[in-house]
Amino acid sequence: MAAAVLVFEAFIALFFGLVAAKLSSGGGWQLAIGLGAASVLLSGLLRFRWAYSLGWALQVAFIGAGFWVTMMFPVGVIFAALWWAGLHYGAKGERIKAERVRAWEAAHGE
């Protein structure tokens, strides 16, 4: 679920870059390219534990993009909430799955 949030954030970065390029010459589009590339790369690195910490840093960067395009403040907060939900409910699902596997193994003598 966390990887899906990151991939959707890459699309948001694309739209952010388009708006930033039209509104200012302050390099917002360069930030957007960096955020989009980081989102895609990080979605493939989630098999490593440290990647989740980088995911939180990326959420802060998306919120900070609001200094270039004001609408990125609420969008960044929404995606940070989605990132939290992905981590929280993904871990909860993994715990439930592990409990069911243990129960099945105990019932079938494995």
Problem - Atom pair NE2/CE of His88 and Met1 - distance to nearest 0.5 Å - result: 10.5 Å
Practice task
For residues Phe16 and Phe62, establish whether the separation of their ring centroids is below 6.0 Å.
Solution key: no
Practice task
State the CG-CG distance between Leu46 and Leu41, to the nearest 0.5 angstrom.
Solution key: 11.0 Å
Practice task
For the residue pair Phe11 and Phe8, categorise the inter-ring angle as parallel (less than 30°), tilted (30 to 60°) or perpendicular (more than 60°).
Solution key: tilted
Problem - Shortest non-hydrogen contact from Ala51 toward Leu45 - result: CB-O, 3.1 Å
Exercise for the section: Hey, could you give me the CD/CG distance between Glu9 and Leu35, rounded to the nearest 0.5 Å? Expected result: 8.5 Å
Problem - Minimum-distance pair of heavy atoms, taken over all atoms of Gly17 and Ala32 - result: CA-CB, 3.3 Å
Exercise for the section: Report yes or no: do Trp50 and Leu58 belong to one cluster of Ile/Leu/Val/Met/Phe/Trp/Tyr joined by side chain heavy-atom distances under 4.5 Å? Expected result: yes
Practice task
May I ask you to test the Leu18-Phe15 pair for a side-chain heavy-atom distance under 4.5 Å?
Solution key: yes
Exercise for the section: Please tell me if the side chains of Trp83 and Tyr52 come closer than 4.5 Å, counting only heavy atoms from C-beta onward. Expected result: yes
Exercise for the section: List the steps and the verdict of side chain to side chain contact (heavy atoms under 4.5 Å, CB included) for Arg102 and Glu99. Expected result: CA-CA 5 Å; Arg102 280 194 300 274; Glu99 289 172 10; 3.4 Å; yes
Exercise for the section: Calculate, to the nearest 0.5 Å, the distance between atoms CD and CG belonging to Gln59 and Leu82 respectively. Expected result: 8.5 Å
Problem - Same apolar cluster: Ile33 and Val40, side chain cutoff 4.5 Å - result: no
Handout entry: Approximate separation, where rounding is to 0.5 Å, of Lys92 NZ and Leu87 CG
Key = 14.5 Å
Handout entry: Test log, rule side chain to side chain contact (heavy atoms under 4.5 Å, CB included), inputs Val7 and Ser39
Key = CA-CA 6 Å; Val7 170; Ser39 296; over 6 Å; no
Practice task
Over all heavy atoms of both residues, which pair between Trp56 and Trp84 is shortest? Give the atoms and the distance, please.
Solution key: CH2-CB, 3.7 Å
Problem - Atom of Leu6, atom of Leu42 and distance for their closest heavy-atom approach - result: CD1-C, 3.8 Å
Exercise for the section: Check whether Ile12 and Val60 end up in the same hydrophobic cluster, where Ile, Leu, Val, Met, Phe, Trp and Tyr are linked by side-chain heavy atoms less than 4.5 Å apart. Expected result: no
Practice task
Look up atom NZ in Lys22 and atom CH2 in Trp29, then write down how far apart they are to the nearest 0.5 Å.
Solution key: 14.0 Å
Handout entry: Closest non-hydrogen atom pair between Gly36 and Ala10, with its separation
Key = O-CB, 3.9 Å
